[in-house]
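Beneath this line is the structure, given in structure tokens, with notes to follow.
Heavy-atom basis, side chains included; hydrogens, waters and symmetry copies ignored.
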Amino acid sequence: MLLKVGQLMFILLNIQSFKTETYRILNQIGAGGAVVAALLKAGFVVSDEFRSKVACENEVINLVCHPGQRVAIFSASFGRTQYESLQCPQPLGVQEETCMMDFATETVMQLCHGKRRCSVVANSTTFGRPDPCSPDSKTYLKVVYTCELKYI
């Protein structure tokens, strides 16, 4: 059975979410150091700190992890949503709209996943497709990520 890139990324993100949640639960119930060490060795997430960054059109998002850690992308969106665009307001007279680029998460994963640091420009050139919004709309890029141990 052949899977499309989007399907594979969805599966990988769900596996990663399961690992993160399992780590959180074990941490909350006070699992011993040996259990946590075994989880780390098996590739489980060691941080439950999720970071969210937003860059308005043509600005740059810099994703940076401490030495010994690497970027793990959980989601990315590029375009606009009517109800989540306070950081990047529309120009005067331009109506709000919802217009999102397909495969933004997969693109940012290809650019950044597993690197210690990564810069992504918030524009349609980064995604290799035409802008999903009307010409006068101001797009933005939102990325949610965490940092994991580098051998994961």
Side-chain angles (χ1 to χ4, degrees), residues 2-28 39-40 42-152:
L2 294 175
L3 294 175
K4 294 181 181 178
V5 174
Q7 292 170 321
L8 183 58
M9 292 300 176
F10 177 78
I11 291 167
L12 292 175
L13 285 171
N14 282 329
I15 291 170
Q16 192 60 51
S17 295
F18 171 77
K19 287 180 177 183
T20 302
E21 188 60 27
T22 303
Y23 175 78
R24 273 199 210 110
I25 291 168
L26 288 171
N27 197 30
Q28 286 175 355
L39 287 172
L40 295 176
F44 279 63
V45 174
V46 297
S47 172
D48 58 0
E49 176 187 339
F50 295 93
R51 305 167 189 189
S52 179
K53 291 199 172 184
V54 175
C56 298
E57 191 170 348
N58 295 316
E59 293 178 353
V60 176
I61 285 183
N62 293 303
L63 309 178
V64 180
C65 294
H66 294 294
Q69 295 184 331
R70 296 297 180 258
V71 170
I73 302 297
F74 282 88
S75 68
S77 56
F78 176 75
R80 287 194 75 76
T81 59
Q82 265 183 284
Y83 306 106
E84 191 184 17
S85 54
L86 297 175
Q87 286 183 275
C88 303
Q90 288 280 48
L92 282 174
V94 177
Q95 189 171 358
E96 278 295 342
E97 64 176 319
T98 296
C99 46
M100 303 302 292
M101 179 75 71
D102 291 333
F103 303 109
T105 298
E106 292 84 355
T107 301
V108 175
M109 283 180 123
Q110 289 173 353
L111 295 170
C112 299
H113 202 75
K115 296 182 179 179
R116 179 165 175 255
R117 59 182 67 225
C118 179
S119 297
V120 183
V121 180
N123 63 31
S124 58
T125 303
T126 297
F127 299 94
R129 296 189 175 124
D131 194 321
C133 302
S134 61
D136 293 332
S137 279
K138 187 170 185 174
T139 55
Y140 59 89
L141 173 63
K142 179 179 178 180
V143 178
V144 178
Y145 74 105
T146 191
C147 294
E148 300 178 346
L149 289 179
K150 73 177 180 181
Y151 59 80
I152 293 177

Discussion item. Applying salt bridge (charged side-chain N to carboxylate O under 4.0 Å, His left out) as the test, list every pair that has at least one member in residues 118-147; sequence neighbours left out.
Written reply: Glu84-Lys142

Response to the item:
Here the salt bridge (charged side-chain N to carboxylate O under 4.0 Å, His left out) pairs for residues 114-125, sequence neighbours left out, are none

Worksheet item: Residues two or more places apart in sequence or in another chain: which of them pass side-chain hydrogen bond (donor to acceptor under 3.5 Å, both in side chains) with Glu59?
Response: none

Response to the item:
Applying side-chain hydrogen bond (donor to acceptor under 3.5 Å, both in side chains) to Ser119 and not counting sequence neighbours gives Asn62

Sequence neighbours excluded, which residues qualify as side-chain contact (heavy atoms from CB on, under 4.5 Å) partners of [X]?
X      : result
Pro135 : none
Val121 : Val60, Asn123, Thr126
Thr107 : Leu111, Phe127
Lys53  : Ile61, Leu63, Tyr145

Residue pair [X] / [Y], side-chain heavy-atom distance below 4.5 Å:
X      : Y     : value
Val54  : Cys88 : yes
Cys147 : Arg70 : no
Thr146 : Arg51 : no

Practice prompt. Flag the pair Glu96 and Arg80 as a salt bridge only when some basic side-chain nitrogen lies within less than 4.0 angstrom of an acidic carboxylate oxygen.
Written response: yes

Smallest separation among heavy atoms of [X] and [Y], with atom names:
X      : Y      : answer
Val108 : Ala76  : CG2-CB, 3.6 Å
Ala122 : Leu141 : CB-CB, 3.6 Å
Cys99  : Pro132 : CB-O, 3.4 Å
Met101 : Pro130 : CE-O, 3.5 Å

Practice prompt. Take Val94 and Ser137 through the test side-chain contact (heavy atoms from CB on, under 4.5 Å) and record every step on the way to the result.
Written response: CA-CA 7 Å; Val94 177; Ser137 279; 4.0 Å; yes

Separation between [atom1] of [X] and [atom2] of [Y], rounded to the nearest 0.5 Å:
X      : Y      : atom1 : atom2 : answer
Phe78  : Cys133 : CZ    : SG    : 7.0 Å
Met100 : Thr139 : CE    : OG1   : 10.0 Å
Phe74  : Met109 : CZ    : CE    : 8.5 Å

Discussion item. With a 3.5 Å distance limit and no angle check, can you tell me whether Gln90 reaches the backbone of Gln95 through a side-chain donor-acceptor pair?
Written reply: yes

Discussion item. For Tyr140 and Thr81: C-alpha separation, side-chain torsions, deciding distance, then whether side-chain contact (heavy atoms from CB on, under 4.5 Å) applies.
Written reply: CA-CA 9 Å; Tyr140 59 89; Thr81 59; 3.2 Å; yes

